[in-house]
Amino acid sequence: MNVLIIGGGAREHALAWKLNRSSRVRDLFAIPGNVGIASIGKCFEISTSDFVQIKEIVLQYQIGMVIVGPENPLEQGIVDFFQSESSLEKVMIIGPTKKGAILESSKAYAKAFMKKYNIPTAKSISVTKETIDQGRAFLQNQYPPYVLKADGLAAGKGVMILDYQKKAESSLEEMLGGQFGKASKTVVIEEYLNGIEMSCFVLIDQNSYLILPFAKDYKRIGEKDSGLNTGGMGAVSPVPFITPEINQKIENEIVIPTVNGIKQENLGFRGVLFIGLTNVNGQPKVMEYNVRFGDPEAEVVIPRINNDLMDIFLALANNTLSEIQLDINPQSAATVMAVSGGYPTNYTTGEHITGIEETQTKNTFIFHAGTQMGKNDRILTNGGRVLTVTSLGNNHHQALERSYRRMASVRFNRKYIRRDIGYDL
Ligand code: AMP
Ligand code: GLY
């Protein structure tokens, strides 16, 4: 079968790399892809929002399955579009419809959902301009720091964590005043959760669910988790803090009620649900839902799956997930991200990258994120997050050591990495 991947990050490269090993996949395609994906498939410079052009590619290249990496096309209704086009009737597409994507695209909806189904999460209130006084009153009853979140998608920038109540109040006014455009017309104010964050991925079809290995990502730009939030600077899997007891709590108190709630609300969710969790003194609580794989979590979770990934996606599309026997590599995986200096604020692109010839060793893999092909086959940087190095090892120490060693030979002007991924393990 021919497979099309939507997206162009390291998550999508990890998906492509794994699917490239499947005997069921004939040719791989990506929109827009990146230089790494282009080494194993054909990439098209098309916007992930241009569904009509995507449809033309699907028909022209006889694509049997489409896998959607990022949240934006899902929120924009790519799955609904495929379902409404008779010429695409036979094409499988992995991801929820717009209705299901609301678990990520509206934080206010997600919080109301968690409340209704008794899913442990931070106390919160959702406010608009009209109800701002209730927001102020809520803030007065909280201890610092204060957490404010734009309701809608804001490219990972919509969460503010503030130390002072006065600052939180003025931030609330700014957000409701349009700081994030439409996304912050409603703002969720939350209790601050103090604990270790971890990521749980659940595949959900219309009959059952399947929990993938846990991962932990390192979101801040600076070492020891300091500085601004980024898309993610590295990740590890498994997560040693998750004891069998916490694991059970996550499944019983969070995954099962979430899956039930999805059914009750008729969200028709079929795809990957990413549950962002915080472990607060042994009690896992939901920080957020996303409706896709995490990036860079995918870069450590996918390499640990021994199954043919296509078998899993086909089962998801056919509602036969319950027949899948997951086969997980017990080894540890660690990934370290190289970013352009200045990220996540201002950075330059177009820098020449050396030392990434695709000579993959058995245990170490490079996944491209923001890369592009320049003149004379020179690979250039093309984004904030540039590429990530994932390694497998007998423990986290060995996996990290392998990734850092390989990363040392990757060079570009103003390259930055966090040197302390896994420091807290
Ligand atoms: P979110 O987009 O909801 O995942 O938020 C992005 C990041 O903000 C999370 O990964 C956390 O580091 C932080 N964050 C979000 N909500 C809270 C909270 N209630 N308490 C503490 N930190 C939070
Ligand atoms: N790593 C967090 C995310 O993908 O949103």
Side-chain angles (χ1 to χ4, degrees), residues 7 9-12 14-15 68-72 74-75 101 103-111 114 120-126 138-139 142-163 168 180 183-184 187-201 214-222 225-237 239 272-281 283-302 335 337 339 344 367 369 384-385 388 418 421 424:
R11 164 182 56 205
E12 287 76 20
L15 284 164
V68 187
E71 63 276 20
N72 287 94
L74 294 168
E75 190 208 12
L103 286 170
E104 175 164 2
S105 62
S106 169
K107 291 188 192 283
Y109 179 91
K111 293 300 288 194
M114 290 181 239
T121 186
K123 254 194 306 182
S124 72
I125 185 173
S126 299
F138 184 90
L139 283 171
Q142 289 298 306
Y143 296 104
Y146 303 91
V147 183
L148 304 179
K149 297 182 175 183
D151 172 51
L153 298 184
K157 297 193 171 67
V159 177
M160 313 288 259
I161 298 181
L162 304 144
D163 287 326
F180 299 101
S184 62
V187 172
V188 178
I189 311 173
E190 272 186 20
E191 163 199 17
Y192 183 82
L193 295 181
N194 202 358
I196 297 169
E197 286 184 44
M198 49 220 184
S199 307
C200 170
F201 298 97
F214 293 98
K216 178 180 194 304
D217 89 342
Y218 293 79
K219 280 212 175 90
R220 304 292 197 94
I221 188 71
D225 291 323
S226 60
L228 293 174
N229 252 332
T230 70
M233 297 296 294
V236 295
S237 176
V239 183
V272 184
L273 185 71
F274 161 175
I275 311 181
L277 299 165
T278 299
N279 179 14
V280 185
N281 299 321
Q283 174 61 55
K285 296 192 179 186
V286 179
M287 187 97 83
E288 61 163 351
Y289 291 120
N290 295 304
V291 298
R292 47 163 178 90
F293 280 112
D295 186 352
E297 291 94 325
E299 292 94 286
V300 288
V301 171
I302 290 168
T335 201
M337 186 72 72
V339 304
F367 297 126
R385 292 195 291 178
T388 193
R418 261 183 72 169
I421 300 304
D424 51 346

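Order of listing sets the numbers, starting from 1, for every ligand and every atom in it. From a predicted model like this one, the values you see are computed outputs, not experimental measurements.
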Quick one: list whatever passes side chain to side chain contact (heavy atoms under 4.5 Å, CB included) with Ser199, sequence neighbours left out. Phe201, Phe274, Glu297
For Gly231, the ligand 2 atoms whose distance to one of its heavy atoms is below 4.0 Å: 1 (N), 2 (C)
Contacting atoms of ligand 2, where contact means under 4.0 angstrom from a heavy atom of Glu297: 1 (N), 2 (C)
Would you call Lys149-Glu288 a salt bridge at under 4.0 Å N-O? no
SB check Arg418 Asp225 (cutoff 4.0 Å): yes
Any donor-acceptor pair under 3.5 Å from Arg385 side chain to Asp295 backbone: yes
Once side-chain hydrogen bond (donor to acceptor under 3.5 Å, both in side chains) is applied, do any residues pair with Thr335, and if so which ones, sequence neighbours excluded? Thr388, Thr390
With Tyr289, which residues qualify under side-chain hydrogen bond (donor to acceptor under 3.5 Å, both in side chains), at least two apart? Thr258
Is there a polar contact, in the sense of an N or O pair closer than 3.5 Å, between [X] and ligand 2?
X: Asp217; result: yes
X: Asp295; result: yes
X: Arg292; result: yes

Heavy atoms, side chains only, cut-off 4.5 Å: are [X] and [Y] in contact?
X: Pro120; Y: Lys285; value: yes
X: Asn290; Y: Glu71; value: no
X: Ser126; Y: Lys107; value: no

Distances only, to 0.1 Å: what are the N or O pairs between ligand 1 and the protein that fall under 3.5 Å?
| from | atom 1 | to | atom 2 | distance (Å) |
| --- | --- | --- | --- | --- |
| ligand 1 | 2 (O) | Lys107 | NZ | 3.2 |
| ligand 1 | 2 (O) | Glu288 | OE1 | 3.2 |
| ligand 1 | 3 (O) | Lys107 | NZ | 3.3 |
| ligand 1 | 3 (O) | Lys149 | NZ | 2.9 |
| ligand 1 | 4 (O) | Glu288 | OE1 | 3.1 |
| ligand 1 | 4 (O) | Glu288 | OE2 | 2.7 |
| ligand 1 | 10 (O) | Glu197 | OE1 | 2.7 |
| ligand 1 | 10 (O) | Lys219 | NZ | 2.8 |
| ligand 1 | 12 (O) | Glu197 | OE2 | 2.5 |
| ligand 1 | 16 (N) | Lys149 | NZ | 3.0 |
| ligand 1 | 19 (N) | Glu190 | OE1 | 2.7 |
| ligand 1 | 19 (N) | Glu191 | O | 3.0 |
| ligand 1 | 20 (N) | Leu193 | N | 2.8 |

For ligand 2, is there an atom lying under 4.0 Å from some heavy atom of Gly294? yes
Would Ser199 count as a contact of ligand 2 if the rule is a heavy atom under 4.0 Å away? no
Any cation-pi pair here, Lys216 with Tyr218, using under 6.0 Å and within 45°? yes
At under 4.0 Å between heavy atoms, which part of Arg11 makes contact with ligand 2: side chain, backbone, both or neither? neither
